[in-house]
A.B. asks: 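Right, I'll just put the structure down here and ask away after.
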Amino acid sequence: MTSLGKKEIPFHRPYITSEEIDGVVDAVKSGWLTMGPKTVEFERKFGDYVFAGSGIEQDRRFAVSFNSATAALHLALKAVGLKAGDEVILPTNTFVATAEVVTYFGAIPVLCDIEEDTHNMDISMMERLITKKTRAVMPVHFGGQPCDMDEIMSLAKDRRIAVIEDAAHALPSRYKGKLIGTIGDITCFSFYATKTLATGEGGMATTVNEGYARTMKINRLHGISKDAWDRYTIKGDWFYEVVDNGNKYNTTDMNSALGLAQLRKVDWMNSRRAEIAKQYDQAFQNTSIITPLVKGDRKTSWHLYVIKTKNRNELVEQLKEEGIGTSVHFIPVHQHPYYKRTYGYQEKDYPISNSVFDRSLSLPIYPGLSNDEVEYIISRTLKYAE
Ligand SMILES: Cc1ncc(COP(=O)(O)O)c(C=O)c1O
């Protein structure tokens, strides 16, 4: 295997075919560039996908599109009524967006440590962090593996705490057979360029609560009582009212055209990622490399394949020398200067996140990776990892 010649393998390549390109060309040619018919169709089909087999009635299935998951998370918190001074519990091992949206309200991000094996929020610590001010929890399904949603939902329900799932990594992921998107009060997905469904930038919130869906829809477009789509068509009418203090968070029909094409292959893309993960698992077993653990009652989207090694920093450089792009997920929120300074987080409160962060490395995993490339990554990782 080690005889494979040097290759250039980026950390990520989007899986874009003529289907996506034709869809975008179609959207541009249609003359409707912003949010319009393709976005309406994408919301409907995304909702059909996520809620299929859930047993949830058709008229309680809502999918609201955004220009990012950050925007979706922001308005999800608005929908559940977050106010200044409220507390929101979230894992420190996340992308900063999860914490940042809480600060938009003058509310407080309360950081929770993680489990060593799944890198998901430690639910026993989450329980200890709950106070009278806790208004919401934001579980992050790290790398695509769902958190223990039964435990989180029961803790939250007893105390009337809203559950906003950060599912930026979790399409398609399953918890006890249920697709992520059908469990919490609101679930937010990301369609950022590297995600398992990529539109460049984009996001979607799913919920079964009509009031939450309405609040998010109105606020994603300046708090206006109807979409531009309703105003500018021949049948539309010019009159609108601003009924809330909203944001400009809508997506475009070009992005939605990409989303529609990607959605058609989301299951295939997931199975190809799972194949690659299996190849990595097999190659690294019985070595010093710690591979991801997926619990028996969960299915992961395999957005990330995170290994842990003793020589993470050297390994990043050695793999780079060999032409292999890698990444690190995540620098914990409590280590970022702004958050440390503003909220006074203490390193000592997050021992597992600190230790996981020091050892973690994300290897390339995406549908367009060839078997040769996977073999090359395996051979070089085995050569250098300690
Ligand atoms: C866990 C997590 N939450 C939220 C986001 C934000 O997603 P977006 O870039 O679509 O706003 C990301 C993006 O990488 C993420 O990894």
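Atoms within a ligand are numbered from 1 in the order they appear, just like the ligands themselves.
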A.B. asks: Please list, by chain and number, the protein residues whose heavy atoms come under 4.0 Å of ligand 1.
C.D. replies: S68, A69, T70, T94, F95, A97, T98, V140, D166, A168, H169, S190, Y192, K195, G202, F330
A.B. asks: Checking H169 now: which residues fulfil ring pair (Phe, Tyr, Trp, His ring centres under 6.0 Å) with it, not counting sequence neighbours?
C.D. replies: H303, F330
A.B. asks: When you look at NZ of K265, are more than 12 heavy atoms from neighbouring residues, nucleotides or ligands closer to it than 6.0 Å?
C.D. replies: yes
A.B. asks: Counting only heavy atoms not in N245, do more than 12 sit closer than 6.0 Å to its CG atom?
C.D. replies: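 12 or below, so no.
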A.B. asks: Using the ring of F357 (Phe, Tyr or Trp, six-membered ring only), decide whether R312 places NZ or CZ under 6.0 Å from its centre and within 45 degrees of its axis.
C.D. replies: yes
A.B. asks: Looking at T251, D26, N255, T252, which hits side-chain hydrogen bond (donor to acceptor under 3.5 Å, both in side chains) with K38?
C.D. replies: D26
A.B. asks: Within a 6.0 Å radius of atom CZ on F284, are there more than 12 heavy atoms belonging to other residues, nucleotides or ligands?
C.D. replies: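 Result for CZ/F284: enclosed.
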